[in-house]
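Here is the structure we will look at.
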2 protein chains.
Amino acid sequence: MDRRNEISIGTLAGRTGLAVSAIRYYETQGLVAPERNAGGQRRFLRSDIRRLSFVLIAQKFGFTLDRIREVLSRLPQGRTPTAKDWTEISQGFRAELDEQIEALTRLRNKLDGCIGCGCLSLDRCALYNPDDVAADKGAGPRYLMGDEAVRPEG
Amino acid sequence: MDRRNEISIGTLAGRTGLAVSAIRYYETQGLVAPERNAGGQRRFLRSDIRRLSFVLIAQKFGFTLDRIREVLSRLPQGRTPTAKDWTEISQGFRAELDEQIEALTRLRNKLDGCIGCGCLSLDRCALYNPDDVAADKGAGPRYLMGDEAVRPEG
DNA sequence: GCTTGAGCTAAAGTTAGCTTTAGGAATTAT
DNA sequence: ATAATTCCTAAAGCTAACTTTAGCTCAAGC
């Protein structure tokens, strides 16, 4: 039975739709910081429901857990976040989103040029000047095509 | 020394900017299918430069290697792809891209509603009716928030 | 008071997309 | 002919974001 302002990991899982294992993982990543009861079990605050919901949404938009942790760190420490706190955080969040959409759109427009000329000469139009949409996930250098690649090669 | 229409993996790597190991990996994923010379070394076609460039670009746009393999499978078998082949494939590609951008934009617009009301009541506005931007990468169910999560909990 | 369900930890497994390592073999350069 | 590159395979390692498993402990219900 969850008391006043404390809920168990199972209840939190039920409310957010997350798996219990995922919540534990989020704790290791610093996304939530539950206390423990006498028996060593985690006790979350009801406001953590909203906190984790925010995490889920941010993920839908493609943010990594690392970035989300940074964003959440802007929430006031020591007190339960208010609606206004969440509004402010969501706005900064939206700004980044806008950038992402714009970068993707710019890149798409460049691709149009390539499709138009039919040569797929991407060293000149699309990606030679990287217009980084999403930061590279894999490691290693990523540049595109040398001269010869440009010429149609029947 | 690369002959007429055959190039070594190192040359291909130099032309695409890919690591040799990445190209070998792409082969295991069915993205290129080089032949072998007498000594067992891979011999690629010059047209593979363009093929792999396409792969790199598609990745920039967020496509998985699996999807890219599907798209490439539409290229004619048995002959070297022409500029026209690449144009056609790029157009279908662009269509998917447009969808992605739109989905992301719709989702952003929904977020605006949440920011506006300040309550972050996402079960009603943003994500309760999933507007799937990018297919989930992790496994497991992902639905958002129950009733109580909606009410401000100062 | 005992059974059952929920929780706990630590470690290993999973997928994607590669890289790194280890130990050879083929090419190329001198 | 020999040294220096380049290439080969197979297997293990890496990051992100989790899940699964194993073995135990806590808490709740009857």
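Not measured: the values here are computed from a predicted model. Sequence lines set the chain letters: A, B, ... in the order given, protein chains first and strands last, and positions in each chain run from 1.
- Under 4.0 angstrom from either OP1 or OP2 of D:dA16 there lies no side-chain N or O belonging to A:Tyr25.
- Comparing A:Ser21 and A:Ala38 by the nucleotide of DNA chain D that holds the closest heavy atom to each, the one mapping nearer the 5' end is A:Ser21.
- Each of B:Asp66 and B:Ile23 has a nearest nucleotide on DNA chain C; the 5'-most of these lies closest to B:Asp66.
- B:Ser8 and B:Thr11 share a side-chain donor-acceptor pair at under 3.5 Å.
- Contact between the side-chain N/O atoms of B:Asn37 and the OP1/OP2 oxygens of C:dT27 is found at a separation under 4.0 Å.
- Evaluation of the side chain to side chain contact (heavy atoms under 4.5 Å, CB included) rule for A:Arg69 yields A:Leu31, A:Asp66 as partners, not counting sequence neighbours.
- When the nucleotides C:dT19, D:dA16, D:dC18 are ranked by their closest atom to the side chain of A:Leu65, D:dC18 comes out on top.
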Checklist entry - Tell me, for nucleotides 1-11 of chain D in 5' to 3' order, what letter each nucleotide earns: B for a base near a protein heavy atom under 4.0 Å, S for only sugar-phosphate near one, - for neither? => result ------SBB--
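- Under 4.0 Å is where a charged nitrogen must lie from a carboxylate oxygen, and between B:Glu27 and B:Arg36 at least one such pair does.
- Between A:Leu72 and A:Val55 there is a side-chain heavy-atom pair separated by less than 4.5 Å.
- One atom, CZ of B:Arg69, and another, P of C:dA16, lie 10 Å apart when rounded to the nearest Å.
- Linking Ile, Leu, Val, Met, Phe, Trp and Tyr whenever their side-chain heavy atoms come within less than 4.5 Å puts A:Leu65 and A:Leu12 in one cluster.
- In terms of phosphate contacts, B:Gln29 brings no side-chain nitrogen or oxygen within less than 4.0 Å of OP1 or OP2 of C:dT15.
- For the pair B:Leu75/B:Arg51, a side-chain contact is recorded, criterion being any heavy-atom separation below 4.5 Å from C-beta on.
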